[in-house]
Amino acid sequence: MRVLLGCVPGLGAVLGLVLCVNGVERAVEARPPAEVARHGLAAHHAARPHIVPRSVWAAGTGEANSAARTPPPPHYDDKVLAVFVHHTDSPNGYDCADAPRIIRYLAAGQTGARDWDDIGYNFLVDRCGTIYEGRAGGVDRPVTGAHTQGFNHRTAGIAAIGTFTAGVHVPRAMTDAIAALAAWKLGLTGIDPRTTVRLTSSNSLSRYAAGTTAKLPALAAHGDGYMTTCPGAALRARLPEIRETAARLQGRT
């Protein structure tokens, strides 16, 4: 199944989460990171941060979770040119030890009740700065996600676990983790997190008609590609700082 989603927070009855939309798209075969490096595209790279594998959150019990344990075969693009930042519209006052359970609920809402093939985000970050692998396929590969309608190709989706509307505190550990993850992921193709890239819309329900080439931030908010307030005004306001931190982690001045 290729149903691709936006900020999808999981079961409507669980945690009061809110659904955001997505589209249906095709993927192409991937170019391995080693080949990217051989072509000199990763001149400005950053260290890979610690990423908790999906096996950690998918192994839990008590949720409709079979799809998380046995995901379908992934689809790949040839590279990642941009990352989109999301929030999950879920409560903020969680214990970070409960993050795997929260991710299971998100996955259950997307793969169970709504019959999607896998969790849509490539990565999730909790308020303590722990990074989790989301969609299956390999964290170092350009897995086609299901996070930003119209712009799931050549991008990765990073979801901040919580709700970050205007006036809400965004934890520093979370923004630092997002910066480190974006620096590493974009560095695999030599992309400066502060620059803009050209992406082609695949779905007219995005901000751009299908087939339109749009100039978007390499480290973008969900709302840059789709009509939504995601990732919330508070987190969106932190994106300039996150871009600068990511660029420094890549060794840029």
Side-chain angles (χ1 to χ4, degrees), residues 7 31 33 36-37 39-52 77-88 99 120-135 138-145 147-148 151-162 164 168-199 214-226 230-253:
C7 287
R31 179 190 299 172
V36 172
H39 283 78
L41 297 178
H44 287 278
H45 62 276
R48 170 177 158 173
H50 176 67
I51 301 170
V52 178
D77 287 296
D78 60 335
K79 65 183 79 173
V80 170
L81 297 178
V83 297
F84 281 95
V85 177
H86 305 256
H87 68 170
T88 59
Y121 311 118
N122 299 98
F123 304 94
L124 299 98
V125 179
D126 71 16
R127 65 187 186 90
C128 294
T130 303
I131 301 169
Y132 291 87
E133 176 186 13
R135 197 167 181 84
V139 295
D140 60 341
R141 299 191 67 186
V143 178
T144 306
H147 49 83
T148 304
F151 294 100
N152 287 305
H153 293 299
R154 291 187 163 186
T155 68
I158 303 173
I161 300 174
F164 299 102
V168 174
H169 172 67
V170 184
R172 177 64 181 269
M174 175 177 275
T175 58
D176 284 349
I178 293 171
L181 179 57
W184 168 68
K185 196 66 177 176
L186 293 174
L188 295 176
T189 43
I191 301 294
D192 186 335
R194 303 166 299 185
T195 194
T196 56
V197 297
R198 294 186 179 276
L199 299 171
K215 193 174 182 181
L216 296 171
L219 202 166
H222 182 192
D224 291 325
Y226 182 75
C230 181
L235 182 50
R236 186 178 187 119
R238 300 289 298 275
L239 291 184
E241 170 194 335
I242 293 171
R243 293 183 187 109
E244 290 295 331
T245 301
R248 287 196 300 272
L249 290 171
Q250 288 185 344
R252 300 179 188 271
T253 57

Next item on the list: Only counting residues at least two apart or in another chain, list the ones meeting side chain to side chain donor-acceptor pair (under 3.5 Å) with R198.
Entry: none

Next item on the list: To the nearest 0.5 angstrom, please state how far the CG atom of L219 sits from the CD1 atom of I242.
Entry: 7.0 Å

Check: Got H147 and N152 here, is their nearest side-chain heavy-atom distance under 4.5 Å?
Finding: yes

Check: Can you list the residues that meet the side-chain contact (heavy atoms from CB on, under 4.5 Å) rule with R172, with sequence neighbours excluded?
Finding: T175, D176, R238, E241

Notebook entry, point to check: Hey, what do you get for CD1 (I131) to CD1 (I51), rounding to the nearest 0.5 Å?
Noted result: 6.0 Å

Next item on the list: Can you measure from CZ (R48) to CG (L181) and round to the nearest 0.5 angstrom?
Entry: 10.0 Å

Margin query: Restricting to side-chain contact (heavy atoms from CB on, under 4.5 Å), what partner residues turn up for A220, sequence neighbours left out?
Written below: F84, P217, D224

Notebook entry, point to check: Does V80 offer a backbone N or O that forms a donor-acceptor pair with the side chain of T189 under 3.5 Å?
Noted result: yes

Next item on the list: Kindly write out the residues that satisfy side-chain contact (heavy atoms from CB on, under 4.5 Å) with A218, not counting sequence neighbours, or none if the list is empty.
Entry: L186, I191, T195, V197

Next item on the list: Under the side-chain contact (heavy atoms from CB on, under 4.5 Å) rule, what do V85 and L239 come out as? Steps first, then yes or no, please.
Entry: CA-CA 9 Å; V85 177; L239 291 184; 4.1 Å; yes

Notebook entry, point to check: Rounded to the nearest 0.5 Å, how far apart are CD1 of I178 and OG1 of T245?
Noted result: 11.0 Å

Note to self: One pair to check against side-chain contact (heavy atoms from CB on, under 4.5 Å): K185 and I158. What are the steps and the verdict?
What the structure shows: CA-CA 11 Å; K185 196 66 177 176; I158 303 173; over 6 Å; no

Next item on the list: For L188 and K79, run side-chain contact (heavy atoms from CB on, under 4.5 Å): C-alpha distance rounded to whole Å, both residues' side-chain angles, the deciding distance at 0.1 Å, then the answer.
Entry: CA-CA 9 Å; L188 295 176; K79 65 183 79 173; over 6 Å; no

Item checked: Nearest heavy atoms of P231 and A221, plus distance in Å -> CD-CB, 3.5 Å

Margin query: For the CZ atom of F164 and the CZ atom of R127, what is their distance to the nearest 0.5 Å?
Written below: 9.5 Å

Notebook entry, point to check: V52 versus T130: any side-chain heavy-atom pair under 4.5 Å?
Noted result: yes

Notebook entry, point to check: Would you say the side-chain atoms of H222 pair up with the backbone N or O of C230, donor to acceptor, closer than 3.5 Å?
Noted result: no

Checklist line | Any donor-acceptor pair under 3.5 Å from N122 side chain to G157 backbone | finding: yes

Check: Which atoms form the tightest heavy-atom contact between G134 and L124, and what is the distance?
Finding: CA-CD1, 3.9 Å

Check: Excluding sequence neighbours, so at least two apart, what forms side-chain contact (heavy atoms from CB on, under 4.5 Å) with R252?
Finding: H44, D192, P193, R194, A247, Q250

Note to self: Holding to salt bridge (charged side-chain N to carboxylate O under 4.0 Å, His left out), I want the full list of residues that pass it with R154, two or more places apart in sequence or in another chain.
What the structure shows: D78

Check: Between F123 and W184, what is the ring plane arrangement, given parallel below 30°, perpendicular above 60°, and tilted in between?
Finding: perpendicular

